[in-house]
Novice: 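Would you mind keeping the following structure in view while I ask a few things?
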Amino acid sequence: MLSLSQKSESITPSSTLAITAKITAMQAEGIDVIKFAAGEPDFDTPDYIKEAAITAINEGFTKYTSASGIPELKEAIVEKFKRDNGLIYKPSQVIVSCGAKHTIYNILQSICNPGDEVIFAAPYWVSYIEMVKLADATPIVIETTASQNFSMTSEQIESVVSDKTKAIIISSPSNPTGTVYHPDTLKQIAEIAVKGQFYVISDEIYESLLYDGLTHQGIASFGKDIQDITFVVNGVSKAYSMTGWRIGYTAGPEKAIQGMSRIQSHSTSNPTSISQKAALAALSGSQEAVETMRQAFEERRNAIAQRFDELEGVTYIKPQGAFYIFPDFSAHYGRTINGRTINGSMDMAAYLLEDAKVGVIPGNGFGADKHLRLSFAISLEEINRGLDRIKKALER
Ligand SMILES: *Cc1c(COP(=O)(O)O)cnc(C)c1O
């Protein structure tokens, strides 16, 4: 039997990959494409972090480690949660995985059974839906709109909670919308979860990238009852520009962390020993570089928002965090421009790429076909040139 598993056949390939491949192919042909497609910071990893990795290599720290992470890194993570979030954990409540994506994957694998339901908002990060399916659970998607700041309301959540509910995933600051949940909403969600006794997976990977003077507040901060059922997910990828190093982590209910540990011990084993030392340096060293990058992102956020204000028929919510803007282009749908009829986000992204040489990600992969996602993890100069091109393309 040379057939493939139903699982592998049922997974939708990442929608961002097709367009990214096309952008790369155009760039290889020498075409000047301005790329708003990146899902990662454009900065180099700070030197003090690289130094720690080089030292690890030179000292021979290149072997297997404990599958769930080295004790020093777990201690540093415990310290980070205390310092930044006011949350107290024991090292046994912490696991280090190969990126926060792997962390969320392992959480779902360790808590879900067939028939369980996992709630999250649309627009969603593309991997949530597939990871829930890979865990044999059912995604329950709550549609959110710009008028509700792309945040699930307590009424929406209450209307889908049942005895099948296993978990809710919250992404704040959000990829792709850049919105941040209001603390009052988080408090209401916490009350629903505590009452219904289901897990909360709080994806806080963009915690350090907040604008307009906002400070981060995670759902686990609303008392012991909610902290006891919440997985606080974080990692070094976005805050320290370390996407390639593959270190993510979570703190949560000890029994579930042990389950994750068992799964990890038979799949990936430990995250890379060298990267763990780098992550240790990142979390325990000076946090100055993080703030420098945050300021650069805020300046870019301001610039891109200002340029979107000039675009006819495009509306957006000013991102309060992360490095994406998620404007609604649907007023231009139905138009025929340069002989091309634009019927949705895929068509709009293809038009902008082929005619305007601007690479953006269509919103349909995020469950929001009216929108396009633009990353502003690029230079101010590129932002301005790219928006000049988009403006011209829409005015045709
Ligand atoms: C980038 C990202 C992650 C995970 O990143 P890793 O590189 O796997 O640590 C998790 N959630 C969201 C919403 C992201 O955008």
Side-chain angles (χ1 to χ4, degrees), residues 14-17 20 36-43 45 49 69 73 77 80 94-109 118 120-132 134 139 141 144 150-152 167-181 200-210 216 218-219 231-251 260 264 267-268 271-272 275-276 278-279 282-283 290 293 297 319-326 361 363 365-368 373-377:
S14 165
S15 65
T16 58
L17 284 184
T20 311
F36 289 96
E40 59 186 350
D42 54 328
F43 301 106
T45 302
I49 298 171
L73 180 53
I77 291 165
K80 179 255 175 269
V94 171
I95 180 169
V96 186
S97 304
C98 311
K101 183 181 276 185
H102 185 219
T103 304
I104 299 169
Y105 182 88
N106 279 354
I107 291 171
L108 292 165
Q109 291 291 327
V118 178
F120 52 90
Y124 43 75
W125 185 45
V126 289
S127 293
Y128 293 151
I129 194 160
E130 304 302 337
M131 292 197 288
V132 168
L134 281 167
V141 179
T144 67
F150 296 115
S151 303
M152 295 177 278
I168 186 168
I169 307 177
I170 296 167
S171 172
S172 178
S174 154
N175 172 9
T177 63
T179 55
V180 173
Y181 272 77
V200 177
I201 301 169
S202 183
D203 184 349
E204 304 183 12
I205 192 90
Y206 294 102
E207 159 182 41
S208 63
L209 297 176
L210 284 171
H216 179 77
I219 190 166
F231 296 89
V232 183
V233 177
N234 214 319
V236 296
S237 285
K238 310 289 163 56
Y240 304 93
S241 204
M242 290 177 69
T243 47
W245 299 74
R246 310 310 304 131
I247 297 290
Y249 56 85
T250 190
M260 290 173 70
Q264 189 158 305
S267 49
T268 56
T272 309
S275 294
Q276 289 190 70
L283 292 177
V290 178
M293 292 190 271
F297 281 126
Q320 299 167 289
F323 41 69
Y324 312 98
I325 190 164
F326 201 59
I361 306 286
F366 304 96
R373 192 192 76 176
L374 285 83
S375 158
F376 49 88

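On a predicted model such as this, the values are computed, not experimentally measured, just so you know. Values below: all heavy atoms of this structure, side chains included; hydrogens, waters and symmetry mates excluded. Indexing begins at 1, ligand by ligand and atom by atom, following the structure's order.
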Novice: Using a 3.5 Å distance criterion without hydrogens, assess whether the side chain of Ser375 forms a donor-acceptor pair with backbone atoms of Tyr324.
Specialist: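 Judged by distance alone, no pair lies under 3.5 Å.
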Novice: Check this for me - ligand 1, Asn175, N or O atoms closer than 3.5 angstrom, yes or no?
Specialist: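 Yes: some nitrogen or oxygen of Asn175 is under 3.5 Å from one in ligand 1.
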Novice: Going by the order shown, which atoms of ligand 1 are within less than 4.0 Å of some heavy atom of Gly99?
Specialist: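 Those of ligand 1 that fall under 4.0 Å from Gly99 are 8 (O), 9 (O).
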Novice: What do we get for Lys238 next to ligand 1 when only non-hydrogen atoms under 4.0 Å count, side chain, backbone, both or neither?
Specialist: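 Side chain only; the backbone of Lys238 stays clear of ligand 1.
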Novice: What protein heavy atom sits nearest atom 9 (O) of ligand 1, and how far away is it?
Specialist: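 Answer for atom 9 (O) of ligand 1: Ala100 N, 2.6 Å.
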Novice: Should the pair Lys80-Glu207 be classified as a salt bridge under the 4.0 Å nitrogen-to-oxygen rule?
Specialist: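 Here Lys80 pairs with Glu207 in a salt bridge, since their nearest N and O are under 4.0 Å apart.
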Novice: Are a donor atom and an acceptor atom from the side chains of Thr272 and Trp245 found within less than 3.5 Å of each other?
Specialist: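 Trp245 and Thr272 do not have a side-chain donor-acceptor pair below 3.5 Å.
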Novice: Distance alone, cut at 3.5 Å: any donor-acceptor contact between the side chains of Thr179 and Thr177?
Specialist: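 Thr177 and Thr179 do have a side-chain donor-acceptor pair below 3.5 Å.
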Novice: For Ser237, which part has a heavy atom under 4.0 Å from ligand 1: side chain, backbone, both, or neither?
Specialist: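 Near ligand 1, Ser237 shows its side chain, while the N, CA, C and O stay back.
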Novice: Please state which protein non-hydrogen atom is closest to atom 15 (O) of ligand 1 and give its distance, to 0.1 Å?
Specialist: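 The protein heavy atom lying closest is Tyr206 OH, 2.7 Å.
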Novice: Roughly how far apart are Phe120 CZ and Met131 CE, rounded to 0.5 Å?
Specialist: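 Output value for this atom pair is 9.0 Å.
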Novice: Backbone, side chain, both or neither: what part of Arg246 comes under 4.0 angstrom of ligand 1, heavy atoms only?
Specialist: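 Contact part for Arg246 vs ligand 1: side chain (C-beta onward).
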Novice: Using distance alone, determine whether Lys101 and ligand 1 share an N or O pair under 3.5 Å.
Specialist: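 It does: an N or O of Lys101 is found under 3.5 Å from an N or O of ligand 1.
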Novice: Tell me: protein heavy atom nearest atom 11 (N) of ligand 1, and distance?
Specialist: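 Its nearest protein heavy-atom neighbour is Asp203 OD2, 2.6 Å.
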Novice: Within the 4.5 Å heavy-atom criterion, are Asn234 and Thr250 side-chain neighbours or not?
Specialist: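 Sidechains of Thr250 and Asn234: no contact.
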Novice: Between Phe297 and Phe323, is the gap from one ring center to the other below 6.0 Å?
Specialist: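 That pair passes the under 6.0 Å test.
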